[in-house]
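One structure is given here, and the rest of the page talks about it.
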There are 2 protein chains.
Amino acid sequence: MTSGTGETLRTRKQRQTREAIHHAALRRVLDEGIDNVTVAEISAEANVSTRTFFNYFPTKEDAVLGLPEEIADDDAIEAFIDRECSSGDLVTDVSHLVRSVFAVTPNGETFERIREAMTRHPQLRRRQLQRVTAIEQRLSRTVAGHLRTDHRFSDGDVDVDDAARVIVMVCSSAMRLAIQNATRNDAEAGSAETAEHAFDQAVELLRKVIRKLQ
Amino acid sequence: MTSGTGETLRTRKQRQTREAIHHAALRRVLDEGIDNVTVAEISAEANVSTRTFFNYFPTKEDAVLGLPEEIADDDAIEAFIDRECSSGDLVTDVSHLVRSVFAVTPNGETFERIREAMTRHPQLRRRQLQRVTAIEQRLSRTVAGHLRTDHRFSDGDVDVDDAARVIVMVCSSAMRLAIQNATRNDAEAGSAETAEHAFDQAVELLRKVIRKLQ
DNA sequence: TTACGCGTGTGCAAGCGTGCAGTCATGCAA
DNA sequence: TTGCATGACTGCACGCTTGCACACGCGTAA
């Protein structure tokens, strides 16, 4: 009965509803501006009640951004860090970790439309930046676990939990900087490529400035 | 007619109203928990309409925290940086700058009660942390202006505006860390002194970790 | 096929937050 | 003292967001 990979009817309906709400929200916000569209209107266009709207997305902004079902859980983070954190450079590793949580790139066209909406409406960018800080605590726990195996932090000079929080904070700063750069009004017609590179550039910049501060 | 320093009747009444709302909010939230108190109840206790409540504070949380009338404006920041940013160490200077925006310590007892409320209700701490990021942009502009006179950044190696944003982000991370440390549930009965030192400790920690990351 | 359990959709009521417009008090100048 | 301009307080209407309770349909085991 399922068309895809063991996808049950219930699950499929759910995904369709989520996408219907997301697309309706994105379309109307791009057409009329976020402040001229109500949740009721978006819900009507997606054929659900407003109550159902909020079952799928916690805020109107999130519906426009089309958040993935759930931010990667601890296990996913754990798996990722095991796979990718081998460069030996903490800033690089943690930066990639922070970035991975948001690397849910939908198809190109939709991505561009979301970026366009974020550029036009600061509230959307702010919301996206908040998502970064929202996961800092969870990331800190994971990073702390891995710092315990790092020889540079085994001398007891600094508390490992504190160090992890600092590192995550600094790296997520780079992530926020990248988001800001990718959604500046004066940005050249960015394209996904620019958005892809914005993060790497932010990390590189972070590294340069740290060096100067020494 | 005015009791204090050229304070007109209008101004005095305004301050009294603000304090009445703040104290009512803080008292009831500490007594009953933030989710068991409505804006209507607080407003009633302060003898104003709910509409007036929101004329003074943008959110219920802000009323509990008792935000100062306005975050220091550009001129105030400018004056401060001229006065204090002379240590020759950018991390120190900018950190003090970030900190100064929040150095509106009310009298000790009220301060302790606010800290208690923040410790008990994460929403309050989150709100306080948001205030830090909210002023990052403004601080970045000021810092960028001063970086142009810094020999380390006159070589054109990195864009001054970008560098300023990175530095402010990193230093405000320290500020956020300090706020978190000062309002942890497992903190020893902190006292204002701990809160005072939390920030310096955070900056020192930041410096150590940066050194290890090199 | 039937019957049950559970997840999902919905309406309703309440609280939060804001723009608008009307009323009233304050501050100021004649 | 009087009169006016300005700004503060308020009510109202609306939109956002959430908890609760109920109804309905999907999934499943017999």
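Just so it is clear: chains get the letters A, B, ... in the order the sequence lines come, proteins before strands, and each one is counted from 1.
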(message) Checking contacts here: which listed nucleotide (C:dC16, D:dT10, D:dG15) is nearest the side-chain heavy atoms of B:S49?
(response) D:dT10
(message) Between P on C:dG17 and CG on B:D62, what's the gap in Å once rounded to a whole number?
(response) 9 Å
(message) For the backbone of B:T52 and the side chain of B:S49, can you confirm whether one donor and one acceptor N or O come within less than 3.5 Å of each other?
(response) yes
(message) Nearest to the side chain of A:T38, heavy atoms from C-beta on, is which of D:dC9, D:dT10, D:dC16?
(response) D:dC16
(request) For A:T52, report the nucleic acid contact type (base, sugar-phosphate, nothing); a contact means any heavy atom under 4.0 Å. (result) base
(request) Find out whether B:K60 and B:Q123 are in side-chain contact, i.e. whether some heavy atom of one side chain is under 4.5 Å from a heavy atom of the other. (result) no
(request) Give the rounded distance in Å between these two atoms: NZ of A:K60 and C1' of D:dT18. (result) 17 Å
(message) What is the distance, to the nearest angstrom, from the CZ atom on B:F54 to the P atom on C:dG15?
(response) 12 Å
(message) Quick check for you: to the nearest 0.5 Å, what is the distance between B:S140 atom OG and B:D162 atom CG?
(response) 10.0 Å
(message) Rounding to an integer number of Å, can you tell me how far B:I21 CD1 sits from D:dA8 C1'?
(response) 12 Å
(message) Does a side-chain N or O of B:T8 approach OP1 or OP2 of C:dG27 to a distance below 4.0 Å, or not?
(response) yes
(request) Could you check how far CZ of A:R12 sits from P of C:dT8, rounded to whole Å? (result) 15 Å
(request) Looking at every strand, decide which applies to B:T59 at a 4.0 Å heavy-atom threshold: base, sugar-phosphate, or nothing. (result) sugar-phosphate
(request) Take atom CD1 of A:I34 and atom C1' of D:dG15, then tell me their distance rounded to the nearest Å. (result) 13 Å
(request) Report yes if at least one side-chain N or O of B:K13 is closer than 4.0 Å to OP1 or OP2 of D:dA8; otherwise report no. (result) no
(message) The side chain of B:R51 is closest to which nucleotide in this list: D:dG11, C:dC16, D:dT18?
(response) D:dG11
(request) Assign each of B:T50 and B:R10 to its nearest nucleotide of DNA chain D by heavy atoms, then name whichever residue's nucleotide is nearer the 5' end. (result) B:R10
(message) What's the separation between atom CZ in B:R125 and atom CZ in B:R120, rounded to the nearest 0.5 Å?
(response) 13.5 Å
(request) Kindly point out which of C:dC20, D:dC16, C:dT8 is positioned nearest to the side chain of A:Q14? (result) C:dT8
(request) Can you tell me the distance, in whole Å, between the CZ atom of A:R15 and the C1' atom of C:dG9? (result) 19 Å
(request) Nearest-nucleotide wise, let me know which of B:Y56 and A:F53 is further upstream toward the 5' end of DNA chain D. (result) B:Y56
(request) Let me know the distance between CG of B:N55 and P of C:dA25, rounded to the nearest Å. (result) 17 Å
(request) Could you tell me whether A:R113 and A:E116 make a salt bridge, using a distance below 4.0 angstrom between a side-chain N and a carboxylate O? (result) no
